[in-house]
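Here is how names work: the chains are called A, B, and so on, in the same order as the sequence lines, proteins then strands, and each is numbered from 1.
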There are 2 protein chains.
Amino acid sequence: MSSDASPAPAKTPVTLRQVAASAGVSVATASKALNGQGRMTAETRERIRETAQRLGFRPNSLAQSLLRRRSFTVGLLTNDTYGRFSLPLMAGVSDALVDAGVSVFLCNVEDDMRLAQLHVEAMLDKRVDGIIATGKRIDRHLPVDLANLRIPVIYAFTQPDPDAVGFESDDAGGARLAVEHFCRLGRKRIAHVTGPASFAVVHERARAYREVLAEHGLPVAEPLLGAWSEAWGHEAVAKLFDGKAGGAGAPDAVFCGNDQIARGVIDALRERGIGVPDDVGVIGFDNWEIVAEATRPPLTSVDMNLSALGREAGLALLSLVGGQPAAPGIRKLPCRLVVRQSCGRPPGG
Amino acid sequence: MSSDASPAPAKTPVTLRQVAASAGVSVATASKALNGQGRMTAETRERIRETAQRLGFRPNSLAQSLLRRRSFTVGLLTNDTYGRFSLPLMAGVSDALVDAGVSVFLCNVEDDMRLAQLHVEAMLDKRVDGIIATGKRIDRHLPVDLANLRIPVIYAFTQPDPDAVGFESDDAGGARLAVEHFCRLGRKRIAHVTGPASFAVVHERARAYREVLAEHGLPVAEPLLGAWSEAWGHEAVAKLFDGKAGGAGAPDAVFCGNDQIARGVIDALRERGIGVPDDVGVIGFDNWEIVAEATRPPLTSVDMNLSALGREAGLALLSLVGGQPAAPGIRKLPCRLVVRQSCGRPPGG
DNA sequence: GCGATAAGAGAAAACCTTTTCCCAACCAAG
DNA sequence: CTTGGTTGGGAAAAGGTTTTCTCTTATCGC
């Protein structure tokens, strides 16, 4: 075919000036025509629109940003590149922003102050409209101070500065969901195996665990604190069940601090010939699907709704950038229990 | 303290004009002083530098970009938000670019053509210097055509357009590493359990597996194709060992297509009372640390060096943006065997 | 002391778009 | 025929930086 209908990939982008020249008007008129501003004959407006279309004109976002003092760009700062927490969160953020035409700079700072500073300065130089800070631990600060930045900052799943807006998952609420589910199923001796004492969430979840058991008049066993690993799940089973074979004191349910511990617990129980969920129910935390679904039986787990959390954070930043004031403080978003087969069915069901 | 030494977070960024006014020179001179251009007395230059420092001047990157027609910004397009492949890759990319002052727009497009188009246009409008395309499958295209974009595009861990530059891991080489390691350890009957036939890497690794066995004069069992899951690892063990108890035909080594399959294989072997690595050695693929290290015994696995791959891709894009030509085609980067305890030690060791 | 040269610094254009202000023309009313 | 209002469209400034060109002044050799 000699007539090529493709939009002719120009070497250099088409400018408004070229559109104006081609349509035989001034750049001012062209701009107004394309933005629906100003007054002109419908015919002129349409002619300019068609010309722009034909030439494949797209306004230079840099020039617009310079003028509007708004870059339609935000920075996402994280120290959790490899982790699985920041990923769904990032997806949620991006999802909330893409429809507003806002792009996201991803900045992984590890735990390196120098790198963090470098990235923040780069973002500031590029005139990001705002920053979302996130990390792998809800109870730790990023290795950089974002307090006096003259652009809005939102914290998600990481410790906010005072007077800042932060979003977190409601860990205590999530723990309640799990333990109450066990109670509803008629479990009586519910144990809690969780991570190290140095994590704030460990205490928060343990507190909720104790509260729910007390509310139901059930015995409260001291939570077992260890590591966030399968190996610790194994060990914990030994502690819980040794010397109590078939026993009076042995738990009939284990609420675990994460899915890896739960996996270790289930594997250890199977090795001891203890049936899951018939003899002992197990619930995990994080709902890390690749683990929860590979567990035998598939693991019931608390999902922190991180993607929704990211969305909320993105929308909050957008509103802050738009000039809406926001009360500082931490907003907790509810968790959700994903029921699979490791916790058993209700007696009547 | 009444004297506040902090750099006074200005409500609005300080401009070069303000620096110039404060130093009593023109903007032109100020610009030249700060960039080491032009001719002026060392004293003038120093005075301007100090003024800029004192005022906390940082050049507006938007204005610079507009003028230089270079935004020091690249787009990273992926359809693998939740996956573990793109993450180390992204970290490598970011790492390679941060030192050049280049920031990365993260764009997750899932498998949505409309979303992909939207993101690409947003990036083009924002005048990114180039794009890195990555994905969850090495043998699939992203849901968008990046072929005629008038900015450089590099493909990493995803199928490149013809005439484009792509980086991939050398899967065949990785498979060789694993199988040759088994050979060195004196294993004679090496099985291969891997993923579905629809994946190109399955065939590539299987071919290498066959080649190495042939080179060593060992019997080649037909690779077992299934799913990328633990469950399939279990099943495969049944297929491999049923009816061959302690047997002549049973394998003494299993090379697995990923770490999850390997995990399933090891668990199934333990359930059968078959010792790992004493009776059967196991090697996985991907070196997904959280799985490989939780396996009992810890899993030897092939690492695709995705972070290095990301670095290479980033550097290649940088050089393309800088005007250096690059020959189109696919560059394969070597894998690396991470030896843990699931494969056994050499007879002499 | 004079022309040539170099040094130091500023004016202005360029990058691209948006917006405000202004101008010319046209129409209707007085 | 003037006046006042409206309509269609353009000129110019703004946003912040870089770079080229130009201008002034000082220095040097003769």
Side-chain angles (χ1 to χ4, degrees), chain A residues 10-49 51-52 55-73 101 122 124-129 150, chain B residues 10-49 51-52 55-73 101 122 124-129 150:
Chain A
K11 264 296 182 253
T12 170
V14 175
T15 69
L16 185 60
R17 180 195 309 268
Q18 292 168 18
V19 174
S22 175
V25 296
S26 71
V27 283
T29 306
S31 172
K32 283 180 287 197
L34 298 176
N35 293 316
Q37 304 292 321
R39 289 173 315 199
M40 68 197 69
T41 54
E43 182 205 3
T44 305
R45 195 181 293 274
E46 192 49 37
R47 177 164 44 91
I48 296 173
R49 284 225 168 103
T51 310
L55 266 46
F57 168 75
R58 311 225 67 204
N60 185 331
S61 194
L62 261 34
Q64 292 180 322
S65 299
L66 188 58
L67 199 56
R68 294 186 177 142
R69 291 203 198 69
R70 173 119 155 58
S71 65
F72 287 87
T73 279
L124 255 30
D125 288 350
K126 295 196 167 99
R127 297 303 192 263
V128 294
D129 297 332
R150 79 169 164 59
Chain B
K11 263 294 182 255
T12 170
V14 14
T15 69
L16 185 61
R17 180 194 309 268
Q18 293 167 17
V19 173
S22 175
V25 295
S26 71
V27 284
T29 306
S31 172
K32 283 181 286 197
L34 297 176
N35 293 316
Q37 304 291 321
R39 289 175 314 199
M40 67 196 69
T41 54
E43 181 207 5
T44 306
R45 196 179 292 274
E46 193 48 38
R47 176 163 46 91
I48 297 173
R49 285 227 167 99
T51 310
L55 267 49
F57 169 74
R58 312 225 66 205
N60 185 332
S61 195
L62 261 36
Q64 290 180 323
S65 299
L66 186 59
L67 197 56
R68 293 187 178 142
R69 292 195 200 73
R70 171 117 156 59
S71 66
F72 287 87
T73 280
L124 255 31
D125 287 350
K126 293 194 168 101
R127 296 303 192 264
V128 294
D129 297 332
R150 81 171 161 56

(request) Specify the separation, in whole Å, of atom CZ of B:Arg17 and atom C1' of C:dA11. (result) 13 Å

(message) Checking the side chain of A:Ser65 only, and the main-chain atoms of A:Ser61 only, is there a donor and an acceptor separated by less than 3.5 Å?
(response) yes

(message) Between B:Arg69 and B:Leu66 (side chain of the first, backbone of the second, donor and acceptor by atom type, cut-off under 3.5 Å), is there such a pair?
(response) no

(message) What I'd like to find out is whether the side chain of B:Asn60 reaches to under 4.5 Å of the side chain of B:Thr15, using heavy atoms alone.
(response) no

(request) Select from B:Arg69 and B:Ala30 the residue whose nearest nucleotide in DNA chain C is closer to the 5' end of that strand. (result) B:Ala30

(request) Report yes if some heavy atom in the side chain of A:Thr73 is under 4.5 Å from a heavy atom in the side chain of B:Thr73; otherwise report no. (result) no

(message) Rounded to whole Å, how long is the line connecting atom CG of B:Asn60 with atom P of C:dC16?
(response) 16 Å

(request) Output the distance between atom CZ (A:Arg47) and atom OG1 (A:Thr41), rounded to the nearest 0.5 Å. (result) 7.0 Å

(message) How many whole angstroms separate atom CG of A:Leu62 from atom P of C:dC16?
(response) 10 Å

(message) Could you check whether any side-chain N or O of A:Arg45 sits under 3.5 Å from a backbone N or O of A:Lys32, counting only pairs where one atom can act as donor and the other as acceptor?
(response) yes

(request) Nearest-nucleotide wise, let me know which of B:Val25 and B:Leu66 is further upstream toward the 5' end of DNA chain C. (result) B:Val25

(request) Quick one: label A:Ser65 by what it contacts on the DNA or RNA (base, sugar-phosphate, nothing), any heavy atom closer than 4.0 Å. (result) nothing

(message) Could you tell me the boundaries of the chain A footprint on DNA chain D, defined by atoms under 4.0 Å from its heavy atoms?
(response) D:dT7 to D:dG16

(message) Distance check, rounded to the nearest 0.5 Å: B:Leu67 atom CG versus A:Leu62 atom CG?
(response) 11.0 Å

Between N or O atoms, less than 3.5 Å apart, protein on one side and nucleotides 18-22 of chain C on the other: list the pairs.
| from | atom 1 | to | atom 2 | distance (Å) |
| --- | --- | --- | --- | --- |
| C:dT18 | OP1 | A:Gln64 | NE2 | 2.7 |
| C:dT18 | OP2 | A:Ser31 | OG | 3.1 |
| C:dT18 | OP2 | A:Asn35 | ND2 | 3.3 |

(message) Please check: side-chain N/O of B:Lys126 versus main-chain N/O of B:Ser71, any donor-acceptor pairing under 3.5 Å?
(response) no

